[in-house]
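Data block below; observations after.
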Amino acid sequence: MMSYSIAGKELRLKRLLPSGRGVVFAFDHGVEHGPSDFPREYINPRTIIGKIIEAGVDAVMMLPATAFMTRDLWIGKTSLIVKITSKTNLRPENERLLQSIFGYVEDAVALGAEAVAATVYWGSQYEDAMLRQWFEVKRLAEKYGYPSLQLSYPRGPAIKNMYDVEIVKYGVRAAIESGADLIKTYYTGSLESFREVVEAASGIPVLMSGGAVRERFIDFLRDVENVIRAGGRGVVVGRNVFRHKNPGGAIKAIMKVVHEEMPPEEAIKYAE
Ligand code: FBP
């Protein structure tokens with residue numbers, strides 16, 4: 001029996017990163033961090049999603065219900081990645097290192113997504129539970145022809161610095177050996193160190209995880225530039241965009257750096 005799903009996965013990967021690079025807007029913070037993460041004017045998901053899509057972002061990554069609630073805004077305009085694990089910060093602190101099931105691969109299929117995403121906190125005391133989830137995601141994603149994006153986040157009691165290049169590389173190595181088709185991970189702070197991260201991924205596309213808000217947006221654009229120069233394929237960004245005074249402009253500036261290799265000093269003009 002032919003495995004027709006190989007074609008589906010290849011097709012979706014191509015649609016997601018047509019040029020090999022991409023800018024994805026991450027929007028699961030209402031659960032991961034709580035609504036206080038958002039400026040008040042963006043409390044309704046539709047407001048910010050509308051602005052980001054209007055700016056021409058390549059893809060949006062959302063939880064299934066948020067994707068459904070904003071469907072008229074993204075359908076036919078941008079690609080969707082459905083994230084099906086999450087956790088709240090309302091949990092006791094020692095249980096925040098566990099992501100729980102927040103939807104199913106079938107939800108991603110039903111919503112018309114290009115990929116399905118799940119987080120693994122490598123090094124967590126709950127690593128085993130997240131691996132069970134990951135391989136359940138993987139099994140069905142493979143069956144239906146969907147690429148799986150792993151948010152490869154090393155964090156746990158034995159990890160002192162989760163941005164350390166050796167730690168990030170370990171997470172990336174574990175991501176490829178667990179079958180990730182796309183990897184989203186932490187920026188390690190320099191072009192040279194991120195090059196090592198990209199090498200560890202051995203050809204599997206690596207996207208930078210946006211992270212906490214940089215004081216100066218130009219510094220964020222410089223990080224993105226380093227990621228691209230190091231061979232990274234782009235960025236999955238949330239806070240540095242939705243907390244920017246001009247989120248649509250911020251996305252445009254990031255797109256210029258990722259797709260056109262425009263110097264940050266020039267690209268930042270789009271965000272003014
Ligand atoms: P950011 O660009 O805001 O960092 O978004 C990326 C992301 O992975 C989100 O998908 C998620 O909600 C958040 O970061 C998790 O942040 P934390 O590092 O606090 O777990």
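Each ligand, and each atom within it, is numbered from 1 in the order the structure gives.
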Just jot down the ligand 1 atoms closer than 4.0 angstrom to any heavy atom of [X], in number order.
{"X": "Tyr153", "value": "7 (C), 8 (O)"}
{"X": "Met61", "value": "10 (O)"}
{"X": "Val237", "value": "2 (O)"}
{"X": "Gly210", "value": "2 (O), 4 (O)"}
{"X": "Arg239", "value": "1 (P), 2 (O), 3 (O), 4 (O), 14 (O), 16 (O)"}

Students should be able to answer this: which protein heavy-atom is nearest to [atom], and at what distance?
{"atom": "atom 7 (C) of ligand 1", "answer": "Lys184 NZ, 3.3 Å"}
{"atom": "atom 12 (O) of ligand 1", "answer": "Asp28 OD1, 2.6 Å"}
{"atom": "atom 2 (O) of ligand 1", "answer": "Gly238 N, 2.7 Å"}

Problem set entry | With sequence neighbours excluded, residues passing side-chain hydrogen bond (donor to acceptor under 3.5 Å, both in side chains) with Glu261 |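 Glu261: side-chain hydrogen bond (donor to acceptor under 3.5 Å, both in side chains) contacts with Arg21.
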Problem set entry | Contacts of Ser193 that satisfy side-chain hydrogen bond (donor to acceptor under 3.5 Å, both in side chains) - sequence neighbours left out |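 Only Thr188, Ser190 meet the side-chain hydrogen bond (donor to acceptor under 3.5 Å, both in side chains) criterion with Ser193.
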Exercise. Taking both backbone and side-chain atoms of Ala212, is any N or O found less than 3.5 Å from an N or O belonging to ligand 1?
Worked result: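 No; every N/O pair is 3.5 Å or more apart.
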For this session: Say whether Leu151, considering both its backbone and side-chain N or O atoms, lies within less than 3.5 Å of an N or O atom on ligand 1.
Result: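 No, no N or O pair falls under 3.5 Å.
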Problem set entry | Ionic contact status for Lys83 with Asp107, cut-off 4.0 Å |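 No, Asp107 and Lys83 are not salt-bridged.
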For this session: Look at Lys169 together with Glu166 and state whether they make a salt bridge at an N to O cut-off of under 4.0 Å.
Result: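 Looking at Glu166 together with Lys169, the answer is yes, because their closest N to O distance falls below 4.0 Å.
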For this session: Show your reasoning for whether ring pair (Phe, Tyr, Trp, His ring centres under 6.0 Å) applies to Tyr153 and Tyr186.
Result: CA-CA 7 Å; Tyr153 286 180; Tyr186 307 133; 4.7 Å; yes
Problem set entry | Gap between atom CH2 of Trp122 and atom CD1 of Ile159 - 0.5 Å precision |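 Those atoms lie 11.0 Å apart.
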Exercise. Among the heavy atoms of Arg155, does any lie under 4.0 Å from an atom of ligand 1?
Worked result: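 Yes.
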Exercise. Contact between Asn240 and ligand 1, counting heavy atoms under 4.0 Å?
Worked result: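 The answer is no: ligand 1 sits nowhere under 4.0 Å from a heavy atom of Asn240.
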For this session: Determine, for Phe68 and Arg71, whether the Lys NZ or Arg CZ falls below 6.0 Å from the six-membered ring centre while staying within 45 degrees of the axis.
Result: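 So Arg71 does make the cation-pi contact.
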Problem set entry | Side-chain donor or acceptor of Glu142 paired with backbone N/O of Lys9 under 3.5 Å |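 Here the side-chain-to-backbone pair does not exist.
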For this session: Using a cut-off of 6.0 Å, state whether more than 12 heavy atoms not belonging to Ile43 lie near its atom CD1.
Result: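 Yes, enclosed.
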Problem set entry | Nearest neighbour of atom 16 (O) of ligand 1 from the list His33, Glu32, His29, on a heavy-atom basis |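 Comparing heavy atoms across His33, Glu32, His29, the nearest one to atom 16 (O) of ligand 1 lies in His33.
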